[in-house]
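Structure, as structure tokens:
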Amino acid sequence: MSRWRDLTGGVSGREYAARFEALARGGKDVHGEAAFCAALVPAPARVLDAGCGTGRVMIRLAELGYDCVGVDLDASMLEVARAQAPGLPWLRADLAEFDPARFGVAAGFDLVVAAGNVLPLLAPGTEAAVVGRLAATLRPGGLLVAGFGLDAAHLPVPPATTLPEYDACCDAAGLALVDRCATWDGAPYAGGGYAVSVHRLAV
């Protein structure tokens, strides 16, 4: 069982979406992840939103002209995503076993994004398998972008994945680090409790 399901019981989709709706109404920019991705690859690049949740990032990328596919295991989150954007492809699958071909979706994505603490909220011990599966969906030279907390101040659960551990998973999957930021607005990473890492699949 994933740490996310332990935390939420798999029924938090509407609550999660409402929190970001409230932030947006208050004037907060809730599209930092999409803007970060858009700065890396131009539309209409193919993007896989891994751990897409209620679809906040993917819906914004689709609005910007990207060809997007979302995948998540939490049915309550996907229910919200499908209600908000019924015309987009939302797939239900465990990332540790994800194969887009099973859904009739071609691999060869230009970018995979895993936002919202996806990595630390996986089932313990599946991190390497998930990174390997995500790398397998990329085209040669494609990018994996993952942002997640590294300490208790930035996570809803105790820290589980360090940056050296994550980099080792990426290295084993043929991914090389090309950039690391402290936030989704691109501030340089100089240590701290949150990191956004960009890795590239070998050509």
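Every ring pair (Phe, Tyr, Trp, His ring centres under 6.0 Å) that Tyr166 has, sequence neighbours left out, goes to Phe148, His199. For Arg60, the salt bridge (charged side-chain N to carboxylate O under 4.0 Å, His left out) partners at least two apart in sequence or on another chain are Glu63.
For the pair Asp110 and Arg139, the salt-bridge criterion is met [side-chain N within less than 4.0 Å of a carboxylate O]. Between Asp49 and Arg56, no side-chain nitrogen of the basic residue sits less than 4.0 Å from a carboxylate oxygen of the acidic one, so the salt-bridge criterion is not met.
By the rule that hydrophobic residues join a cluster once side-chain heavy atoms approach within less than 4.5 Å of another member, Val47 and Ile59 end up as members of separate clusters. There is no path of hydrophobic side-chain contacts, each under 4.5 Å, that joins Val118 to Leu177. Both Phe103 and Phe109 are members of a single hydrophobic cluster when ILVMFWY side chains are connected at heavy-atom separations under 4.5 Å. Met77 and Leu88 fall into different hydrophobic clusters, where Ile, Leu, Val, Met, Phe, Trp and Tyr residues are linked whenever their side-chain heavy atoms come under 4.5 Å apart, directly or through other members.
Asp67 places no side-chain N or O within 3.5 Å of a backbone atom of Pro44 that could act as its donor or acceptor partner. In terms of modelled atom types and a separation under 3.5 Å, the side chain of Glu127 and the main chain of Gly125 share a donor-acceptor contact. A donor-acceptor contact shorter than 3.5 Å links the side chain of Asp151 to the backbone of His154. A distance-only check finds no donor-acceptor pair linking the side chain of Arg200 to the backbone of Ala176 [under 3.5 Å].
The minimum heavy-atom distance between Leu91 and Leu78, with the atom names listed, is O-CD1, 3.7 Å. Minimum interatomic distance between Ala96 and Thr126 (heavy atoms only, all atoms of both residues): CB-CB, 4.2 Å. Between Pro140 and Val203, the closest heavy-atom pair is CB-CA, 4.0 Å. Between Arg46 and Ala107, the shortest heavy-atom contact is NH1-O, 2.7 Å. Closest of all the heavy-atom pairs between Ala81 and Gly55 is CB-N, 4.0 Å. Heavy atoms only, all atoms of each residue included: Pro120 and Ala160 are closest at O-CB, 4.2 Å.
Looking at Thr161 and Leu122, their side chains never come closer than 4.5 Å, going by heavy atoms from C-beta outward. Looking only at side-chain heavy atoms (C-beta outward), Met58 and Trp90 come within less than 4.5 Å of each other. Between Leu61 and Val57 there is a side-chain heavy-atom pair separated by less than 4.5 Å. In this structure, the side chains of Leu40 and Val198 come closer than 4.5 Å at one or more pairs of heavy atoms. Contact annotation: the side chain of Leu150 never approaches that of Tyr194 to less than 4.5 Å [non-hydrogen atoms, C-beta and beyond]. Counting heavy atoms from C-beta outward, Leu163 and Tyr189 have side chains that approach closer than 4.5 Å. Two residues are said to be in side-chain contact when any heavy atoms from C-beta on lie closer than 4.5 Å; Val112 and Val145 fail this criterion. Contact annotation: the side chain of Leu119 approaches that of Val131 to within less than 4.5 Å [non-hydrogen atoms, C-beta and beyond].
A donor-acceptor pair shorter than 3.5 Å can be found between the side chains of Glu165 and Thr162.
Interatomic distance, Leu155 CG to Leu121 CG, rounded to the nearest 0.5 Å: 7.0 Å.
Under a cutoff of 6.0 Å and an axis angle of 45°, Arg133 and Phe98 do not form a cation-pi pair.
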Could you go step by step and tell me if Leu73 and Leu95 meet the side chain to side chain contact (heavy atoms under 4.5 Å, CB included) rule?
CA-CA 8 Å; Leu73 186 58; Leu95 292 178; over 6 Å; no
Any chance you could lay out the side chain to side chain contact (heavy atoms under 4.5 Å, CB included) test for Leu111 and Leu48, step after step, and finish with the verdict?
CA-CA 6 Å; Leu111 184 145; Leu48 175 67; over 6 Å; no
Kindly indicate, with the supporting measurements, whether the criterion side chain to side chain contact (heavy atoms under 4.5 Å, CB included) is fulfilled by Leu138 and Leu143.
CA-CA 7 Å; Leu138 286 167; Leu143 300 174; 5.6 Å; no
Which is it for Leu144 and Leu201 under the side chain to side chain contact (heavy atoms under 4.5 Å, CB included) test, yes or no, and what are the steps along the way?
CA-CA 8 Å; Leu144 171 62; Leu201 186 66; over 6 Å; no
